[in-house]
Amino acid sequence: MPPDHEAIAEQVFVALADPSRRAILAALAQGGPATATDLADRLPITRQAIAKHLALLSDAGLVTAEPGERRRVRYRLSSAPMRVAQQFLAALARDWDGRLDALTEHLDALSE
């Protein structure tokens with residue numbers, strides 16, 4: 001995986017490590033684009049905390065900010081960084097699958 005893809009995957013994993021950020025992403029996935037105030041109305045998180053989490057999610061590329069009416073900013077999910085992280089995990093899984101298959105074969109040969 002190219003180094004820039006590894007950096008993107010790392011940012012995604014850091015962003016997803018926090019349960020509040022996962023809740024914000026889930027709320028956006030379920031309800032569509034929303035402002036920090038909208039999200040604070042739906043989640044047990046203050047608007048100020050949501051704004052900080054949205055900044056980190058934006059830095060990771062997981063949300064994009066769109067100007068709205070009366071200077072309100074709406075946040076929308078962006079799936080491209082998540083796909084990069086999925087590719088990283090899939091490659092890792094393939095490596096492990098090969099090693100686990102070899103271990104299984106070795107253990108089967110020993111038990112014969």
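Atom set for the values below is all heavy atoms of this structure, side chains included, hydrogens, waters and symmetry mates excluded.
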Closest contact, heavy atoms only, [X] versus [Y]:
X	Y	result
Leu28	Tyr75	CD2-O, 3.5 Å
Ile45	Ala49	CG2-CB, 3.5 Å
Ala15	Leu57	CB-CD2, 3.9 Å
Asp18	His53	OD1-CE1, 3.6 Å
Gly61	Pro81	O-CG, 3.2 Å

Is there a donor-acceptor pair closer than 3.5 Å between any side-chain N or O of [X] and the backbone N or O of [Y]?
X	Y	result
Ser79	Met82	no
Arg22	Leu16	yes
Arg72	Pro67	no

> Between the side chains of Thr35 and Arg74, does any donor sit under 3.5 Å from an acceptor?
Replying inline: no
> Between Phe13 and Ile8, is a side-chain contact (heavy atoms from CB on, under 4.5 Å) present by the stated rule, with each step listed?
Replying inline: CA-CA 9 Å; Phe13 297 140; Ile8 292 168; over 6 Å; no
>> Run the side-chain contact (heavy atoms from CB on, under 4.5 Å) test on Glu66 and Val73 for me, step by step, so that the C-alpha distance in whole Å, both residues' side-chain angles and the decisive distance to 0.1 Å come before the verdict.
In response: CA-CA 6 Å; Glu66 302 173 338; Val73 177; 6.0 Å; no
> Honestly curious: do Leu39 and Leu56 fall in one hydrophobic cluster under the side-chain, below-4.5 Å linking rule?
Replying inline: no
> Rounded to the nearest 0.5 Å, how far does CG of Leu25 lie from CD of Gln30?
Replying inline: 13.0 Å
>> Using the rule given for side-chain contact (heavy atoms from CB on, under 4.5 Å), can you reason through Ile50 versus Ile24, listing the C-alpha separation, both sets of side-chain angles and the distance that settles it, and then say yes or no?
In response: CA-CA 8 Å; Ile50 286 176; Ile24 291 168; 4.2 Å; yes
> Does the side chain of Val63 come within less than 4.5 Å of Arg76's, by heavy atoms?
Replying inline: no
>> Apply side-chain contact (heavy atoms from CB on, under 4.5 Å) to residues Leu77 and Leu62 and explain how you reach the verdict.
In response: CA-CA 6 Å; Leu77 289 177; Leu62 293 169; 5.9 Å; no
